[in-house]
There are 2 protein chains.
Amino acid sequence: MRQRETDKGGQMAREITIVDVADEAGVSYATVSRVINNKAHVSPEKRERVLRAMAQLGYVVNMQARSLAGGESRVVGLLVDYLSSSYMDEIIRGIDEALDAENYDLMLYTTHRRKTKESAYVTKLTRGLADGLLLILPRNAAAYLDTLRQRQFPHVIVDYLNNKQNVPSVSATNFRGAYDAMSFLLSLGHQRIGFITGTMELGSARDRLDGYHAALKDHGIPADPHLISEGNFMQPQGYQCAQELLSLSERPTAIFASNDMMAFGVMEAARERGLRLPEDLSIVGFDDIPQASYVHPALTTIRQPLEEMGRSAAHLLLKYIAHPNAEIERIELPTHLIIRESCQALSFTS
Amino acid sequence: MRQRETDKGGQMAREITIVDVADEAGVSYATVSRVINNKAHVSPEKRERVLRAMAQLGYVVNMQARSLAGGESRVVGLLVDYLSSSYMDEIIRGIDEALDAENYDLMLYTTHRRKTKESAYVTKLTRGLADGLLLILPRNAAAYLDTLRQRQFPHVIVDYLNNKQNVPSVSATNFRGAYDAMSFLLSLGHQRIGFITGTMELGSARDRLDGYHAALKDHGIPADPHLISEGNFMQPQGYQCAQELLSLSERPTAIFASNDMMAFGVMEAARERGLRLPEDLSIVGFDDIPQASYVHPALTTIRQPLEEMGRSAAHLLLKYIAHPNAEIERIELPTHLIIRESCQALSFTS
DNA sequence: CTGAAAGCGCTAACAT
DNA sequence: ATGTTAGCGCTTTCAG
């Protein structure tokens with residue numbers, strides 16, 4: 001089927017190859033390849049002719065062929081569980097930006113449906129046209145991390161710091177962020193502070209919980225297990241957990257949710273109970289997604305430098321692509337407390 | 001560089017190819033190819049042997065090679081401007097599901113940064129390993145639609161119905177949905193109904209505006225240009241437009257936002273002005289993203305069958321991949337009015 | 001039913 | 001500096 005006919009006999013337009021460009025420019029096609037890849041050893045004059053021919057013919061490289069032939073593809077894969085809200089958006093924006101600057105393309109793969117074959121999926125991916133792989137918040141990464149390492153395939157994980165594994169990663173200072181949030185609440189006089197965790201299989205969720213505990217301990221406040229409710233980073237769950245927390249006989253005066261989405265759920269629950277915000281309940285989130293400043297009252301939260309994390313991960317990956325044996329780095333970017341309107345000092349009367 | 005050495009001399013594990021499988025199974029590699037592609041003319045016994053060898057060696061096809069050699073890649077590309085909120089999520093979920101069922105892989109490309117080179121980008125894509133392309137809400141698609149058509153490359157647009165172009169697409173009944181929303185508001189006694197448009201370059205945004213006008217006209221209510229504010233489908237803009245609308249000397253008693261995110265912005269603006277919802281202002285959105293039911297008051301909105309749209313688009317695309325010359329279809333899926341708590345009949349006193 | 005062999009478009013030695 | 005050539009892994013004729 002040399003001619004690539006479609007099933008009904010329609011003809012696919014023949015692809016313009018470097019051979020065509022070479023003919024047009026009157027040079028060998030190796031020279032065209034050199035020009036395309038910006039290699040040295042091409043006379044300015046011929047380079048010019050090739051460039052012109054390329055433009056004229058509308059030549060576009062065939063990445064499959066390039067990749068097959070052993071060249072770099074200048075694309076990196078991005079593996080995510082599923083696309084969720086602004087959180088991913090911002091990280092991806094950062095990645096995108098950094099990659100674009102270095103002339104790399106991004107391919108995004110969603111895996112959420114293939115829990116079982118993730119490993120095979122990654123294998124397939126790494127044999128594919130990507131030069132490297134970025135993983136955001138992988139759930140059961142353990143399975144394919146081995147594959148990646150074995151194949152010496154450049155990869156960086158974003159927002160996942162499993163302390164047991166030595167994997168290149170970029171994340172935020174989750175422990176510190178949570179600690180800061182708690183310190184703030186504590187400084188406001190709150191003592192009974194409810195905490196809604198994230199998905200506990202994630203390192204970031206665990207670190208935040210640890211930060212919560214540490215702050216409490218440092219302030220000499222005994223931890224009350226009833227004050228901790230297990231969430232999953234999603235708004236409905238935040239709502240549920242808040243209901244639970246707010247039903248406690250000794251109601252918390254503040255709730256610290258492990259991310260903004262759940263904090264929004266807390267707001268709903270509080271409002272539904274007729275609680276005034278922030279008078280009757282102080283709320284702190286985590287992430288600082290754009291919406292945090294839109295809601296009412298504007299959410300006090302711990303900002304994660306999401307975009308920066310993405311950018312940073314991309315740079316790190318590019319480094320590994322260039323130097324596969326570079327030392328494994330685990331970058332932690334600083335979080336910041338963003339004070340808005342959802343918290344208030346504990347008044348004596350309440 | 002036959003051996004594919006890394007820059008520091010580390011060796012990349014050699015890929016397992018069909019030749020390895022052939023050796024292991026003791027057959028020619030053409031036979032392995034036949035087995036992989038489920039072609040006829042292979043004895044059950046050899047097929048069995050090949051399958052076993054594949055499993056044993058952990059063979060995974062190299063898509064680049066396959067694609068280069070002219071076979072199908074069983075992957076479809078998905079082109080989006082940027083990843084925004086739950087809206088994309090849901091559509092993608094539907095696409096994902098349909099594709100998975102047919103054993104296709106999805107590759108997602110974000111283009112938002114390359115406004116200018118989109119056309120070249122698409123060309124590149126279509127020369128790549130995708131068998132077909134799905135486009136969600138493309139902004140300036142006109143540029144590459146031609147390329148797609150010229151190359152006879154299977155493609156389907158989701159949520160974009162530019163009436164001037166004959167392009168395969170799937171969308172919702174935007175006009176009808178807007179008309180229904182307005183009818184509902186009108187039936188509640190509202191007369192002065194503010195409207196916040198979407199990004200006007202999109203067909204769906206225009207259709208919703210048309211629906212707004214048509215409903216007004218059918219009810220004999222003269223259109224007031226002051227009541228229409230141009231938004232962009234984003235929450236902050238919804239907030240802005242609402243401020244504008246609510247500052248009108250003759251304030252609207254209801255606002256219909258072209259999507260849910262903007263409706264949330266309206267809620268903020270209203271709350272900030274001390275307006276009670278829905279007593280002082282009725283609000284209707286469009287889309288019915290998950291959050292619509294979380295907010296307070298729960299948002300009355302027009303549901304778009306997002307997931308279904310994605311699924312439908314995927315099926316249509318698969319059809320074009322199988323039959324490139326199949327007739328161009330433009331599917332419109334029905335919208336539905338979802339009544340929640342953000343609207344109230346206009347009382348005589350207000 | 002099966003194997004041999006010719007490319008797909010490109011990169012990277014290897015010559016010149 | 002430039003051309004020649006050998007594959008990359010796979011699909012698909014084309015012969016048996």
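Proteins come first, then strands; the chains are lettered A, B, ... in the order of their sequence lines, and each starts at number 1. On a predicted model such as this, the values are computed, not experimentally measured, just so you know.
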Solution key, residues 17-25 of chain B side-chain donor-acceptor pairs under 3.5 Å, sequence neighbours excluded:
{"from": "B/Thr17", "atom 1": "OG1", "to": "B/Val19", "atom 2": "N", "distance (Å)": "3.0"}
{"from": "B/Asp20", "atom 1": "OD1", "to": "B/Arg14", "atom 2": "NH2", "distance (Å)": "3.3"}
{"from": "B/Asp20", "atom 1": "OD2", "to": "B/Arg14", "atom 2": "NH2", "distance (Å)": "3.3"}
{"from": "B/Asp20", "atom 1": "OD2", "to": "B/Thr17", "atom 2": "N", "distance (Å)": "2.8"}

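- Separating the CZ atom of B/Arg47 from the P atom of C/dC1 is a distance of 10 Å, rounded to the nearest angstrom.
- If you take CG of B/Asn62 and C1' of D/dC10, they are 8 Å apart, rounded to a whole angstrom.
- Between the CD1 atom of A/Ile18 and the P atom of C/dC10 there is a distance of 5 Å, given to the nearest Å.
- When all heavy atoms of B/Asp131 and B/Arg74 are compared, the closest pair comes out as OD2-N, 2.8 Å.
- The backbone N or O of B/Phe153 lies less than 3.5 Å from a partner atom in the side chain of B/His155, making a donor-acceptor pair.
- Nearest heavy-atom pair, A/Leu306 versus A/Glu90, reported as atom, atom and distance to 0.1 Å: CB-CB, 3.7 Å.
- Put simply, CG on A/Leu57 is 14 Å from P on C/dG9, counting in whole angstrom units.
- Rounded to whole Å, the distance from CE on A/Met63 to P on C/dG9 is 16 Å.
- Distance, B/Glu48 CD to C/dC1 P: 16 Å, rounded to whole Å.
- A donor-acceptor pair under 3.5 Å is formed between the side chain of B/Tyr320 and the backbone N or O of B/Glu327.
- Nucleotide C/dC8 holds its C1' atom 9 Å from the CG atom of A/Leu68, rounded to whole Å.
- Here C/dG3 presents its P atom at 12 Å from CG of B/Asp23, a figure rounded to the nearest Å.
- Electrostatic pairing of B/Arg93 and B/Glu97 does not count as a salt bridge here, judged by no charged N lying under 4.0 Å from a carboxylate O.
- Look at B/Tyr59 and you'll find a side-chain N or O under 4.0 angstrom from OP1 or OP2 of D/dC10.
- Note on A/Arg66: every side-chain N or O is 4.0 Å or more away from OP1 and OP2 of C/dG9.
- For DNA chain C, the neighbouring residues in residues 30-43 of chain B, judged by any heavy atom under 4.0 Å, are B/Ala30, B/Thr31, B/Arg34, B/His41, B/Val42, B/Ser43.
- B/Arg311 has a carboxylate O that lies under 4.0 Å from a charged side-chain N of B/Glu307, or vice versa, which qualifies the two as a salt bridge.
- Residue B/Ser28 is the one, among B/Ala65 and B/Ser28, whose nearest nucleotide of DNA chain C lies closer to the 5' end (criterion: closest heavy atom).
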